[in-house]
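Here is the structure we will look at.
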Amino acid sequence: MKTYAFAALIGAVAMTPAWADEEADLVVNGDLEITVRAPAPDHVPMSEVLSGWVFRSDETQALQMDDFDNPGMIFVDDAIETWSTVEGNAGESCQSCHGDPEKMAGVRPVYPKWNEEAGEVRTLAMQVNDCRETRMEAEPWGYTSGDMANMEALLASVSRGLPINVATDGPVADAWALGEELYYTRTGQLELSCANCHEDNYGNNIRADHLSQGQINGFPTYRLKNAKLNTVHARFKGCVRDTRAETFSAGSPEFVALELYVASRGNGLGVEGPSVRN
Amino acid sequence: MKLTRRATILAAMGTAFVAVLPMRATAAADAAIADFTGGAAPGANGITLTAPEIAENGNTVPIEVSAPGATEIRVYAAGNPTPDVATFLFGPLAAAQMASTRIRLAGTQHVVAVAKMADGSFAEVRQEVKVTIGGCGG
Amino acid sequence: MAENVTPRVRVPSEASAGEAITIKTLISHLMESGQRKDSDGNVIPRAIINRFVVDFNGENVIDVALAPAISTNPFFEFQAFVPESGTFNFTWYDDDGSVYEESKEITVA
């Protein structure tokens, strides 16, 4: 029966004209070229990996092509203020250790990554909170909170255009394998895995929505739907919930592993955050 | 996926469901427009409305209105709970009687723009915008 | 005053006399419509920016009345004449009585 339900969903808009400009190139502010199509990495059973940007309508695509038009940049501005604000008992700000935000270029593309000292795979959010707790002696932010999303947007924005390049082997191999397993595991009453929509059916419509490959190179992403920045783990939760399953929690080892694996499926795509999606 | 008879019927039902999105009552919008024009029938020339044929999300729909020589342009969303969207008054330093903004549409409906021209006449344009629903509601 | 309201405007820094220039503005604001309900079923009261005015050297460019149908983080794009060097003043009026202001200088060569 699940297959039929899915057939109905896909069929619902099979008649909808192709409205996204899948051939368009993403150039921000007239000069920042961002790779939205790349040859698939060896571990991805597709010919090409595509940013979610190419699946969006002309109007939504345009919002990301100019930083003034991109409402996500509001939150980058907020984070720039936070960056140099001293917080916590150690009397430190992000700025006091790291210098200007631009110095963080190159960080976003390699996360999640292995932290040798802690002996764990760390997402950018985990690293930000480790900085806050250990170095600043400040309260950690909620994993998918506005403060965290804003800071992730700032860190992404200074790496825009750089290719995603997360490790898949070495010390992260176990986490990566767990992520891969989760990606192909059907969940919920609808019995859908990530792959059912984002590998088997990308480019098709699910009701009126043009299914993307579920790449996360654009996160955090400003969604027109809720008019705010959305984090990767909040998006994972939404997707798993929509299969009518109990979801893992944001920041859980399972979602960290899934983030690593999904990020690796986009190795070669450019960092876009904060991107704009529907 | 094997296309069984049942799957085909269900797919067809899905198509039908999308095809009959309700057209909402426009009485409130018509009343608001009549209030603006004083009941005068607006012309159809001299005003343009640029809006997407299909909006990916009704929460943020980009629109542009333009009416060269207008003193005022009002925008209405005929299917919203309240039809008013925005009123643009153009001052002496407006280089063009045009403006772009982003609006909320509660569903598929007509967006209406009405301009008041310098000579006191009115011009109206309306366009249907189909508002789509996300894949999983997620 | 609503939280985290930050105006942003984009105006060219230079223009020639009488040139038509394009201005874009964006202000971070929730624009609570008054149509939504909270988890207990109570209507969340309307709280929007209801008016936006742009003047140049005291003369009006555009005066906009906003309804709740304007999206979160209101965006506007429009065109202005710049007869001489001077200052654009941008003013947003909030339902709660707050007024947010921004200004930009422009030089006419």
Side-chain angles (χ1 to χ4, degrees), chain A residues 28-32 56-85 87 101 141-142 144-154 157 220-230 234 241 273-278, chain C residues 1-15 21-39 44 46-49 52 54 62 64 66-80 88 90 92 94-95 98 100-104 106:
Chain A
V28 178
N29 300 331
D31 59 4
L32 174 59
R56 304 281 48 94
S57 72
D58 292 349
E59 292 82 11
T60 309
Q61 286 185 344
L63 289 175
Q64 205 185 313
M65 298 178 80
D66 181 317
D67 279 351
F68 199 92
D69 294 345
N70 181 347
M73 295 307 288
I74 293 172
F75 304 98
V76 170
D77 286 350
D78 285 350
I80 288 172
E81 265 182 50
T82 309
W83 182 262
S84 56
T85 304
E87 237 190 296
W141 283 326
T144 59
S145 63
D147 284 327
M148 184 64 84
N150 294 358
M151 187 54 66
E152 288 180 322
L154 172 60
S157 71
T221 187
Y222 184 91
R223 294 190 66 188
L224 305 182
K225 172 197 167 82
N226 55 19
K228 64 170 190 164
L229 287 180
N230 294 255
R241 179 203 62 215
S275 63
V276 183
R277 302 286 188 261
N278 56 324
Chain C
M1 178 162 157
E3 281 178 30
N4 291 327
V5 178
T6 312
R8 308 168 88 211
V9 301
R10 180 191 278 177
V11 179
S13 55
E14 290 178 20
I21 59 162
T22 298
I23 295 176
K24 293 183 180 187
T25 69
L26 184 69
I27 187 163
S28 50
H29 196 283
L30 198 56
M31 296 291 282
E32 186 60 59
S33 68
Q35 298 287 339
R36 300 199 305 167
K37 289 179 178 171
D38 64 18
S39 51
I44 304 170
R46 168 184 142 151
I48 68 168
I49 288 172
F52 169 56
V54 182
I62 195 167
V64 187
L66 291 75
I70 296 293
S71 301
T72 302
N73 306 326
F75 168 91
F76 291 104
E77 180 178 339
F78 48 91
Q79 297 191 344
F88 279 102
F90 303 85
W92 292 260
D94 195 304
D95 274 352
S98 305
Y100 317 108
E101 291 175 291
E102 179 71 292
S103 61
K104 283 283 175 188
I106 186 166

[X] and [Y]: which non-hydrogen atoms are nearest, and at how many Å?
X	Y	value
A:P71	C:N73	CB-ND2, 4.4 Å
C:R10	A:F68	NH2-CB, 3.3 Å
C:S28	A:I74	CB-CG2, 3.5 Å

How long is the gap from [atom1] on [X] to [atom2] on [Y], to the nearest 0.5 Å?
X	Y	atom1	atom2	value
C:S71	A:L224	OG	CG	8.5 Å
A:D77	C:R8	CG	CZ	4.5 Å
A:D67	C:L26	CG	CG	11.5 Å
A:N70	C:F75	CG	CZ	11.0 Å

message: Does any backbone or side-chain atom of A:D66 lie under 4.5 Å from a heavy atom of chain C? Answer side chain, backbone, both or neither.
response: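 Side chain only.
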- prompt: Does a sphere of radius 6.0 Å around NZ in C:K104 hold more than 12 heavy atoms from other residues, nucleotides or ligands, not counting ones at 6.0 Å or beyond?
  reply: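 Atom NZ in C:K104 is not packed in, count stays at 12 or less.
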query: Given the options C:T25, C:I27, C:L30, which has more heavy-atom pairs under 4.5 Å with chain A than any of the others?
result: C:T25
